[in-house]
Amino acid sequence: MQQHRRQPELVEGNLPVFVFPTELIFYADDQSTHKQVLTLYNPYEFALKFKVLCTSPNKYAVVDAAGAVKPQCCVDIVIRHKDVRASHFGVIDKFRLQVSEQSQRKALGRKEVIATLLPSAKEQQHKEEEEKRIKEHLAESVFYEQTPCQPDVRNSSSGPSLLMVFLGMVCIAALMMPTLGEMESVVPLYLHLSVNQKLVAAYVLGLITMVVLRT
């Protein structure tokens with residue numbers, strides 16, 4: 001008795017779908033790119049049905065949006081961009097190709113293809129060349145350890161200058177000297193200062209103190 005080989009049951013959504021290319025780029029300034037072709041391959045031993053879905057169907061015209069692919073054959077799907085305008089530049093749309101067996105409705109597999117409208121092919125090429133140049137430059141660059149910068153002594157100095165210290169000491173010494181008219185002092189008479197002189201010394205010492213506190 002001859003036994004018939006049964007085809008293994010296919011799980012919904014797990015069948016690999018082979019589509020080329022996987023990305024569509026339309027250029028507004030190049031009408032030849034407004035028409036793109038997707039090629040769907042069927043490497044299996046059974047026929048497949050396919051259906052093309054889109055996130056923005058009003059922007060595109062799909063020739064043969066549904067059909068069949070024979071075993072180990074391929075089919076071309078023509079996609080035209082029919083709404084080329086500046087407001088659509090850079091917007092990413094998606095096409096989804098769903099495949100199933102001819103005798104069933106459930107989708108055995110799916111594949112998504114990205115579609116983008118760009119303003120200019122030359123501008124995009126220049127951008128890609130610039131990015132490539134930057135990557136090559138970074139790859140060829142040699143980096144060295146940065147030497148720590150020594151702080152500037154003049155700028156980082158926050159203490160009072162020697163002149164300020166000297167003037168402050170003179171003013172303090174003047175204030176410690178006896179006042180004119182004090183007879184019991186052992187300090188020589190020529191070092192006795194008047195009240196006005198001590199007031200001047202106190203005033204100068206106050207200014208010096210303010211300067212020192214601000215620095």
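These numbers come from the heavy atoms of this one structure, side chains and all, not from hydrogens, waters or symmetry mates. Every value quoted in this text rests on a predicted model; they were computed, and no experiment measured them. Positions are given from 1, in the same order as the sequence printed here.
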| field | Expected output: side-chain H34 to main-chain Y27 donor-acceptor under 3.5 Å | value | yes

| At what distance, to the nearest 0.5 angstrom, does CG of L108 lie from NZ of K106? | 6.5 Å

| Shortest non-hydrogen contact from A107 to S100? | CA-CB, 4.2 Å

| task | Please tell me if the side chains of L48 and F50 come closer than 4.5 Å, counting only heavy atoms from C-beta onward. | result | no

| If you round to the nearest 0.5 Å, how far is CG of N58 from NZ of K82? | 6.5 Å

| request: Tell me whether V69 is reachable from Y41 by hopping between hydrophobic residues (I, L, V, M, F, W, Y) whose side-chain heavy atoms are closer than 4.5 Å. | output: yes

| Heavy-atom neighbours of E112 CD exceed 12 at 6.0 Å | yes

| query | Taking everything shown except D64 itself, do over 12 heavy atoms lie less than 6.0 Å from its CG? | reply | no

| Close side-chain approach of P16 and Y44, heavy atoms under 4.5 Å | yes

| request: Specify the closest pair of heavy atoms between V113 and E23, including all atoms of both residues, with the distance to one decimal. | output: CG1-N, 3.9 Å

| Is there a side chain to side chain contact (heavy atoms under 4.5 Å, CB included) between L15 and V17 once you walk through the steps? | CA-CA 6 Å; L15 186 72; V17 179; 5.6 Å; no

| task | State whether the side chain of H81 and the backbone N or O of L117 hold a donor-acceptor pair below 3.5 Å, judged by distance alone. | result | no

| query | Taking the side chain as C-beta and beyond, is there a heavy-atom pair between M169 and L167 under 4.5 Å? | reply | no

| note | Between Q102 and A68 the two heavy atoms that sit nearest each other are NE2-CB, 3.4 Å

| field | Joint cluster assignment, I25 & V84, ILVMFWY side-chain distance < 4.5 Å | value | no

| message | Surrounding NZ of K49 (heavy atoms of other residues, nucleotides or ligands, distance under 6.0 Å), is the total greater than 12? | response | yes

| task | Compare all side-chain heavy atoms of I77 with those of F95 and state whether any distance is below 4.5 angstrom. | result | no

| Minimum-distance pair of heavy atoms, taken over all atoms of P21 and L38 | O-CD2, 3.3 Å

| query | Hey, quick one: are F20 and V37 part of the same hydrophobic cluster, counting side-chain heavy atoms closer than 4.5 Å, chains of contacts allowed? | reply | no

| query | If you round to the nearest 0.5 Å, how far is CZ of F26 from NZ of K59? | reply | 9.5 Å

| field | Contact check, side chains of L40 and N42, non-hydrogen atoms, under 4.5 Å | value | no

| Taking every non-hydrogen atom, the tightest pair across C54 and P57 | O-CD, 3.6 Å

